[in-house]
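Notes to accompany the following structure.
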Amino acid sequence: MYSFEIPEVGGGSTFSIKVTWSQKLLYHEGQFSLNVPFSFPSFVNPIGKKISKREKILLNVNSGVGKEILCRCASHALKELRREVGKMGFLYDAEVLTWSSADFSFSYNVYSKDLFGGVLLQSPFLRDFDDRQMFCCYLFPGDNQSMKAFRKEVIFLIDISGSMKGNPFESAKNGLLSSLQKLNPEDSFNIIAFNVETYLFSSLMEQATKEAILKATQWLNDNLTADGGTNILAPLEQALKLLAETTDSIPLIFLITDGAVEDERDICNFVKGSLTSGGSISLRICTFGIGTYCNHYFLRMLAQIGRGHFDTAYDADSVDFRMQRLFATASSIILANITVDALESLDSLELLPFCIPDLSCGCPLIVSGRYSGNFPDSVKLSGILADMRKFTIDIKAQKAKDLPVDRVVARRQIDLLTANAWLSGSKELEQKVAKMSIQSGVPSEYTLMVLHHTLREEKASETILIQNVFNKINPLKKMDLQTKIMLGNLCVGFGNLSATAENIPPGTEETKSSDATEMFNAASNCCSRVVERCCCMCFIQTCSYMNNQCAIVLSQLCAALACFECMNCCIELCECG
């Protein structure tokens, strides 16, 4: 979090702050939910005389689908302003004596008894680095109770290395046990705990009876302690052998780890070459990372190869909940082996993710990408149902109206392409991710962020003081620190082998951008005499030749481009000496 003060605000003054951000909607049991912080601490209310204040929330909902929206619940008294197919508008406007003490929440669903979907098309905008057309294909599970979930054969791989000791292991164990309770009696399961060794709950797959689950619970509680190093390949090999003869069910590996290992690329290539099955459905892999020391892009890629899902928890308190949510999605597959025809006729096609995941009753399916050529008016989407019957649905393609498809899919595409770039080592893909980051304003592993202050009037006289503050924290030569602050890379990185080897528990790492935060706060506190100022966030693409002086020159270029106005500034750094 970055914060700064606005000094010397006179009584009766009005100032406005505009914040733009992207946020993923939560989806649960057919409902989309939005939660926005809207609670204010009591000390912001003036002491003494009660002064009337106005709160106002304008909410526009564009579902992107041609189905009726049903509003389910809202935290504030919303007045409906308009209603169209797939769109709604609401207003909350109230006179209050104290500012809101509750966050704003809103939920809705797009009702359909049957499975439904569509394709949204968008043309590249002016100065887009990629001149191909954009598409986003979506599929919703609907509310058809007759569509049953697949039978499952699932193996949990749980990391019990020394870094998992304490809360991480207990939270992961609770999440695993809660997931076991959600299995049906016709499902089967096994558990493999691993550090540098592997420990099997059973030499064979066990039916998910109450007795077997109780036995597994006792085994987890009585026989496992977190200790030692991390070896992920060995338990994966054992799990693949146990699931080799799976037929007429979903074979699923659910990997839980908090660490990074040196052979991650070898693991991905090994799994990629092993994805065959005696049955009609190949292996599925879901991965769950705890903390920032594990390589999120390795786990994401492993899940992508296995047509599964990836999630993470940055603190022990959220491990149990997020694990259960991920397993609920992975274990409720209603349509598998999904393919989309008519795309082969396009001149070129980029599909993300490259393996289309299954459709679960707890999660919509979304794939997106770029293409050149004439996109068909409709496409056939096919898959296999739980009873092994083939299922086909026609979905229509239409131009996206009032919906920025590029912004909706930016975070997802950047993460997927970064995982691909990590596995392949492709510099071309890294460059592409950096360009997407700059274009969309979404941070990436290959870009840095610069905070740039632009002033309408005379600069403050505390430049020397700010220079000293900046130099104390992170000295950069000859940088006008009143106007430019390097916030650095704001992403999670590619894992930490040293921390894993030393068994450092997740959550003990220092906040990655704490220095930048201190610089931001120090600089803003010193700028008390600035009459007007704006902030300009700049993404700078990094490369192997990137150095601090390059960043200084580019940030100075940002200052020239800003023209004393608040704007978003994007600069590409290619090969600087």
Side-chain angles (χ1 to χ4, degrees), residues 24 27 150 152-159 172 175-176 179 192 194 232-233 235-237 239-240 243 250-261 263-277 281-292 294-314 319 322-333 335-338 351-360 362-369 409 411-424 445 491-492 494-495:
K24 183 183 293 186
Y27 183 86
F150 278 80
K152 300 166 289 297
E153 296 190 36
V154 55
I155 298 180
F156 295 91
L157 307 184
I158 181 169
D159 188 342
L176 193 160
S179 299
I192 302 177
F194 66 92
I232 295 177
L233 179 58
L236 269 174
E237 290 176 328
L240 285 168
L243 296 172
I250 295 282
L252 171 64
I253 293 177
F254 196 95
L255 171 65
I256 308 150
T257 184
D258 73 334
V261 292
D263 58 347
E264 290 169 342
R265 289 184 177 86
D266 294 334
I267 291 172
C268 287
N269 291 325
F270 166 74
V271 172
K272 190 183 297 185
S274 304
L275 287 185
T276 57
S277 173
I281 301 175
S282 63
L283 175 71
R284 300 311 194 240
I285 300 176
C286 286
T287 55
F288 187 84
I290 301 175
T292 59
C294 56
N295 185 347
H296 292 208
Y297 298 103
F298 158 62
L299 297 176
R300 186 181 295 277
M301 175 53 67
L302 197 58
Q304 188 178 176
I305 292 171
R307 289 196 179 205
H309 301 271
F310 159 76
D311 199 4
T312 184
Y314 291 99
V319 169
R322 297 185 77 100
M323 266 187 64
Q324 289 190 56
R325 188 176 68 181
L326 179 62
F327 184 75
T329 298
S331 63
S332 59
I333 296 172
L335 188 66
N337 290 3
I338 296 174
L351 184 68
L352 295 171
F354 58 80
C355 291
I356 301 178
D358 303 317
L359 176 67
S360 301
C363 183
L365 170 65
I366 299 175
V367 294
S368 60
V409 301
R411 176 77 274 162
R412 180 193 304 263
Q413 290 188 349
I414 284 175
D415 288 341
L416 290 170
L417 286 172
T418 301
N420 291 341
W422 164 82
L423 179 62
S424 65
E445 297 293 346
C491 294
V492 295
F494 296 96

Original post:
Are I285 and V271 close enough, and set up right, to give a side-chain contact (heavy atoms from CB on, under 4.5 Å), and what steps lead you there?
Top reply: CA-CA 10 Å; I285 300 176; V271 172; 3.4 Å; yes

**OP:** Just do the side-chain contact (heavy atoms from CB on, under 4.5 Å) check on R300 and T287 with the steps written out, would you?
**Re:** CA-CA 7 Å; R300 186 181 295 277; T287 55; 6.0 Å; no

**OP:** Begin from the C-alpha positions of E264 and Y297 and carry the test side-chain contact (heavy atoms from CB on, under 4.5 Å) through to its verdict.
**Re:** CA-CA 10 Å; E264 290 169 342; Y297 298 103; over 6 Å; no

**OP:** Flag the pair L352 / N420 as yes when at least one side-chain heavy-atom distance between them is below 4.5 Å, and no otherwise.
**Re:** yes

Subject >> Taking every non-hydrogen atom, the tightest pair across G495 and A260 >> reply: CA-CB, 4.2 Å

Original post:
Can you find a pair of side-chain heavy atoms, one from D263 and one from F270, that are under 4.5 Å apart?
Top reply: no

Subject >> S332 side, atom OG; K152 side, atom NZ - distance, nearest 0.5 Å >> reply: 8.0 Å

**OP:** Mind listing the closest non-hydrogen atom pair of T292 and H296 along with its distance?
**Re:** CA-NE2, 4.1 Å

Original post:
Does the side chain of W422 come within less than 4.5 Å of R265's, by heavy atoms?
Top reply: yes

Subject >> Residue pair L423 / K272, side-chain heavy-atom distance below 4.5 Å >> reply: yes

**OP:** Indicate yes or no: at least one non-hydrogen side-chain atom of L326 is less than 4.5 angstrom from one of M323.
**Re:** no

Original post:
Under 6.0 Å from the CZ atom of R412, do we count more than 12 heavy atoms belonging to anything else shown?
Top reply: no

**OP:** Kindly indicate whether the side chain of I267, heavy atoms from C-beta on, has any atom under 4.5 Å from the side chain of V261.
**Re:** yes

Subject >> For V367 against P357, the heavy-atom pair lying closest together >> reply: CG1-CD, 4.3 Å

Subject >> R325 side, atom CZ; F288 side, atom CZ - distance, nearest 0.5 Å >> reply: 9.0 Å

Subject >> Value rounded to 0.5 Å, distance of CD1 in I366 from CG in L359 >> reply: 11.0 Å

Original post:
CG/L299 to CD1/I232 distance, rounded to the nearest 0.5 angstrom?
Top reply: 6.5 Å

Subject >> G259 versus D159, closest heavy-atom pair with distance >> reply: N-OD2, 4.1 Å

Original post:
Taking C-beta and beyond as the side chain, do T418 and F494 meet within less than 4.5 Å on heavy atoms?
Top reply: yes

Subject >> Test item: E445 side-chain N/O and V492 main-chain N/O as donor-acceptor pair under 3.5 Å >> reply: yes

**OP:** Kindly assign one of parallel, tilted or perpendicular to the pair F254 and F327, based on the angle between their ring planes and the thresholds 30° and 60°.
**Re:** perpendicular

**OP:** Would you sort out whether F150 and D358 count as a side-chain contact (heavy atoms from CB on, under 4.5 Å), showing the intermediate values?
**Re:** CA-CA 11 Å; F150 278 80; D358 303 317; over 6 Å; no

**OP:** Would you give the length of the straight line joining atom CZ of F194 to atom CG of L236, rounded to the nearest 0.5 angstrom?
**Re:** 8.0 Å

Subject >> Heavy-atom donor-acceptor pair, R284 side chain to S282 backbone, under 3.5 Å >> reply: yes

**OP:** Drop me the distance from I305's CD1 to F354's CZ, to the nearest 0.5 angstrom.
**Re:** 5.5 Å

Subject >> Which atom of R322 lies closest to which atom of T312, heavy atoms considered >> reply: NE-O, 2.7 Å

Subject >> Distance-minimising heavy-atom pair for A336 and I250 >> reply: CB-CD1, 4.3 Å

